[in-house]
Amino acid sequence: MNPNYPFSEIEKKIQIEWESSEAFSVNEGSKKPKFYTLSMFPYPSGKLHMGHVRNYTIGDVISRFKSMNGFNVMQPMGWDAFGLPAENAAIQNKTAPAKWTYENIMHMREQLKELGLAIDWKREIATCSVDYYKWEQWLFITLYKKGLIYKKTSTVNWDPIDQTVLANEQVIDGKGWRSGGAIERKEIPQYFMKITDYADQLIEGLDSLEDWPEQVKIMQRNWIGKSTGCEIEFNVIGSNEKIKVYTTRADTLMGITYLAVAPEHPICRRLSNSIKIQDFINDCKKGGVSEAEISTAEKKGIFTGIYVEHPLLNNKVPVWIANYVLINYGEGAVMAVPAHDDRDYEFAKKYNLPIKQVVENERGVAEDAYTGPGLLINSGEFDGIDNSDAHNKITQKIESLGKGGLKINYRLRDWGISRQRYWGCPIPMIQCNKCGDNPVEENDLPIRLPENVEIDKSGSPLKKMQDFVKCKCPVCGEEASRETDTLDTFFESSWYFARYASYDQENAMLDNRAKYWLPVDYYIGGVEHAILHLLYARFFNRVLFDLKLIDNQEPFKKLLTQGMVLKNGTKMSKSKGNTVDPNDLIKKYGADTARLFIMFAAPAEQSLEWSDDGIEGAHRFLKRLWKIAYQNINPVSSIKVRAELIDSKSESELKYKLNATIEKVTDDLERRTSFNTAISSIMELVNLLTKKQSDNNISESLKKDTINIILLLLTPFVPHITKELWGMLNLDSKIEDQPWPTVDKSALIKDEVVVVIQVNGKLRGNMVISPDTEEGTVKEMAISNEGVVKFITDDTKIIKVIYVKNKLINIVIK
RNA sequence: GCCGGGAUGGCGGAACUGGUAGACGCACGGGACUCAAAAUCCCGCGCUGGCAACAGCGUGCGAGUUCGAUUCUCGCUCCCGGCACCA
């Protein structure tokens with residue numbers, strides 16, 4: 001045995017062994033209960049980064065821990081392979097997106113394998129392969145026929161110079177990232193999925209997700225944004241038109257001083273003869289579509305010349321167009337109550353509109369809006385009523401007048417799934433001049449995406465490919481054209497977790513194996529996916545459930561949202577030159593060291609500050625582990641141990657620590673998901689064992705047991721070194737066959753405890769007592785304690801004594 | 001702007017249910033081994049004062065609840081994630 005830790009050699013050897021024995025290949029025939037661990041699949045950008053290492057190590061630790069605890073564990077891997085970066089790379093390097101993507105996948109697969117992950121590679125999928133996306137097209141058609149997919153116009157970022165649609169991230173300060181041209185909002189027809197039909201289910205489902213982080217559930221709930229409010233119709237004066245508004249503050253109805261509508265509101269159409277208003281509306285089209293951009297823009301408005309009638313007061317209320325009103329929330333119009341809404345207040349101040357207070361508060365509304373609770377004033381028959389009561393009473397009144405009433409509203413909008421891009425799954429629809437839009441016949445699937453293409457800056461090349469576009473209408477058989485938009489890549493990532501189970505099924509999207517493996521028991525990925533990906537995946541899962549393709553309503557039983565890997569406080573990125581290449585680390589220290597450090601450096605949910613120095617410490621620990629095992633296999637001198645010489649106190653100290661560590665590590669992995677503290681407690685045990693290594697009062701067998709248990713506890717984190725050392729220490733067994741160690745409770749019984757003594761909450765001493773010593777005795781001991789007596793003089797009075805059993809005593813004096 | 005999260009020594013972090021703040025690791029300082037260096041091992045290490053014993057202060061800022069607050073409540077500051085076409 002090599003006295004130095006030969007990580008490179010052993011990792012390569014063991015990885016070859018795992019690969020040739022298909023050590024992590026699983027199927028449905030096992031008697032053990034199933035456990036499905038999944039890490040969010042990567043976009044094949046070309047190079048693995050530390051965020052991936054963190055994500056996949058967490059998944060691997062959980063997988064291996066569950067295996068040792070008797071589960072039939074599946075851990076698959078695949079590629080989220082469609083998307084924008086391939087098109088950008090294609091423009092830059094003049095390579096086809098398909099070629100670029102497949103080369104990246106090959107490279108990243110090799111990098112992943114060097115990490116020694118317990119992955120069942122036979123299940124590998126790539127979403128850009130036709131075997132995968134043909135089922136997506138099948139699903140699209142199925143859902144289109146069910147009415148869950150429809151077409152409508154909606155807004156995109158339009159770059160008028162490059163003549164192309166831009167993603168939000170490609171719009172920088174309202175300008176196109178390549179062209180620098182001012183971006184406009186443009187309406188184009190697109191396909192939508194009716195996720196709003198599932199809004200209530202998606203809210204209620206959150207309650208069943210006990211093992212999801214609370215903040216993710218809160219974010220999703222807020223995103224869906226179910227609110228109960230009041231819809232109110234305003235009659236337009238001098239016309240029989242009506243403007244509907246939605247409000248959650250019907251109590252402030254008497255405080256309305258104007259109505260604000262979105263620039264896209266239908267009422268604006270009849271203002272086409274006013275050049276000033278048209279200019280304003282056109283001006284509102286400038287800039288990108290993102291909500292962040294719209295809501296941080298300076299508030300602007302213009303009076304329309306239109307008045308509506310107040311439903312209760314019957315006075316004239318002016319109608320303004322305002323850029324802060326969103327067309328896709330509520331009715332695209334709001335009743336403005338400047339006194340009690342911050343945005344309305346700011347707008348009213350800017351345009352000198354009146355501010356009428358209707359909810360009482362001490363400060364008034366001279367400085368800012370008051371949005372809190374209170375009694376109504378200036379509201380006629382509703383004066384003196386608490387505003388939450390008033391909300392209900394006014395809603396009822398509106399209802400009785402036939403001018404609206406109670407309404408449930410959602411912030412969630414239907415999911416736009418069309419993308420004006422090339423590198424994505426073709427939408428299987430055909431446009432016919434006679435018959436309109438119709439889905440492709442199921443027999444004609446898949447619609448293959450042509451892979452040998454040249455990309456330029458101006459949009460999708462599919463539109464220019466006559467071979468692709470020309471087709472026959474499935475209804476009338478006449479010449480028609482194929483849809484050239486592709487699907488949002490969130491479509492692929494919304495069901496990949498199910499396909500891993502039925503990875504090689506050629507005749508259906510999913511089969512019974514999906515019913516065996518789903519739901520995912522443990523899902524690990526970045527917090528940045530807390531809303532969109534996770535909400536779309538939950539939605540899809542319910543759709544698949546309704547199609548009876550799977551048996552579970554929620555896709556992910558337990559969720560762990562991992563934090564980002566930072567260097568010098570910022571995200572690692574090529575442009576900042578602060579990237580760390582995982583494969584350089586593996587070359588220098590080995591995969592085990594890289595895995596151990598990334599799990600040790602910070603709690604999984606928090607962002608991790610990368611440190612080149614820190615990794616040395618992790619490596620040093622593994623070297624010490626190697627050495628201590630080496631000393632046990634090859635003892636320097638043969639110490640003769642006689643049972644009667646063994647000091648039971650020294651042994652029981654090690655036994656206590658050993659069992660306390662098993663208990664701690666198990667709890668950290670099972671309940672707390674606290675990997676860093678699990679590792680530090682194993683380090684403590686190794687430190688103690690090192691200290692006791694030459695202690696003749698401890699039997700060799702206890703030392704050996706301790707090392708064996710350390711190896712088992714470390715296996716999920718550092719599977720190569722532990723397998724190697726186990727093999728050398730235990731010639732007759734394999735570490736793969738070992739169960740997770742169990743705690744010997746009897747070793748954890750203490751015969752003395754330390755109680756700390758405080759005076760007025762300040763630490764002044766401590767004492768060793770036997771557990772369960774009577775409270776009175778403990779108090780007496782505490783008061784007469786050496787560190788305590790000097791604080792208790794003749795003129796101090798003991799007011800009270802608080803005793804926390806076997807832990808702490810606080811003497812309160814005056 | 002809206003939603004969610006975070007802030008603890010020189011650094012990464014620990015303290016799990018309101019009960020000893022700083023476990024474990026890094027960096028640093030001192031020592032051992034060595035011709036020397038690396039590696040390894042041992043000791044020290046929150047700040048201030050003090051030779052020391054010890055005392056005071058200390059968990060982003062400001063208040064509050066409590067015998068006792070890193071932990072709970074309220075009000076701020078700064079940083080990070082998301083905001084529907086990055087994935």
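Per chain, numbering begins at 1; letters A, B, ... match sequence-line order.
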Under 3.5 Å between N/O atoms: give me all the protein pairs with nucleotides 43-53 of chain B, atom names plus distance.
none

Using whole Å, report how far [atom1] of [X] lies from [atom2] of [N].
X	N	atom1	atom2	result
Trp610(A)	G25(B)	CH2	P	18 Å
Ile809(A)	U20(B)	CD1	P	15 Å
Arg764(A)	G68(B)	CZ	C1'	14 Å
Leu534(A)	G4(B)	CG	P	17 Å
Leu622(A)	U40(B)	CG	P	13 Å
Lys807(A)	U20(B)	NZ	P	7 Å

The criterion is ring-ring contact (aromatic ring centres under 6.0 Å, His included); which residues satisfy it with Tyr43(A), sequence neighbours excluded? none

Going by the rule ring-ring contact (aromatic ring centres under 6.0 Å, His included), which residues pair with Phe7(A) if we only count those two or more places apart in sequence or in a different chain?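 ring-ring contact (aromatic ring centres under 6.0 Å, His included) check on Phe7(A) returns Tyr5(A), His619(A).
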
Sticking with atom [atom1], work out how far [N] lies from [M], rounded to a whole angstrom.
N	M	atom1	value
G18(B)	G56(B)	P	28 Å
U17(B)	G68(B)	P	22 Å
C42(B)	G25(B)	P	11 Å

Does Phe491(A) have its ring centroid less than 6.0 Å away from the ring centroid of Phe540(A)?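 Yes, they do, as the ring centres are separated by less than 6.0 Å.
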
Output field: ring centroids Phe597(A)/Tyr589(A) closer than 6.0 Å: no

Mind running salt bridge (charged side-chain N to carboxylate O under 4.0 Å, His left out) on Glu684(A) and Lys664(A) for me, showing each step along the way? CA-CA 12 Å; Glu684(A) 285 178 49; Lys664(A) 165 92 179 138; over 6 Å; no

What does [X] touch in the nucleic acid at a heavy-atom separation under 4.0 angstrom: a base, only the sugar-phosphate, or nothing?
X	value
Phe791(A)	sugar-phosphate
Asp613(A)	sugar-phosphate
Val756(A)	base

Regarding [X] and [Y], is there a side-chain donor-to-acceptor distance under 3.5 Å anywhere?
X	Y	answer
Asp80(A)	Ser493(A)	no
Thr196(A)	Asp414(A)	yes
Asp159(A)	Ser179(A)	yes

What is the per-nucleotide protein-contact pattern of nucleotides 9-17 of chain B, from the 5' end, where B denotes a base atom under 4.0 Å from a protein heavy atom, S denotes such proximity for sugar-phosphate atoms only, and - denotes neither? ---BSSSB-

What one-letter contact string describes nucleotides 81-87 of chain B from 5' to 3', where B marks a base within less than 4.0 Å of any protein heavy atom, S marks contact via sugar-phosphate atoms alone, and - marks no contact? BSBBBBB

Please determine whether a side-chain nitrogen or oxygen atom of Lys800(A) lies at a distance below 4.0 Å from atom OP1 or OP2 of C67(B). yes

Is [X] atom [atom1] crowded by more than 12 heavy atoms from other residues, nucleotides or ligands, each under 6.0 Å away?
X	atom1	answer
Arg185(A)	CZ	yes
Lys807(A)	NZ	no
Lys588(A)	NZ	no

Salt-bridged, Asp488(A) to Arg419(A), with N to O below 4.0 Å?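 Judged by the 4.0 Å cut-off on N to carboxylate O distance, Asp488(A) and Arg419(A) do form a salt bridge.
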
With a 4.0 Å cut-off, would you call Glu775(A) and Lys779(A) a salt bridge? yes

Pair pattern of RNA chain B in dot-bracket, where unpaired bases get dots and | marks partners in another strand, Watson-Crick or G-U under 3.5 angstrom: (((((((..(((......[....))).(((((.......))))).((((....))))..(((((..]....))))))))))))....

Measure the acute angle between the ring planes of Tyr523(A) and Tyr496(A), then classify it against the limits of 30° and 60° as parallel, tilted or perpendicular. tilted

Using a distance-only criterion (donor-acceptor N/O pair, under 3.5 Å, no hydrogens), is the base of C3(B) paired with the side chain of Asn222(A)?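 Check fails, no donor-acceptor contact within cut-off.
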
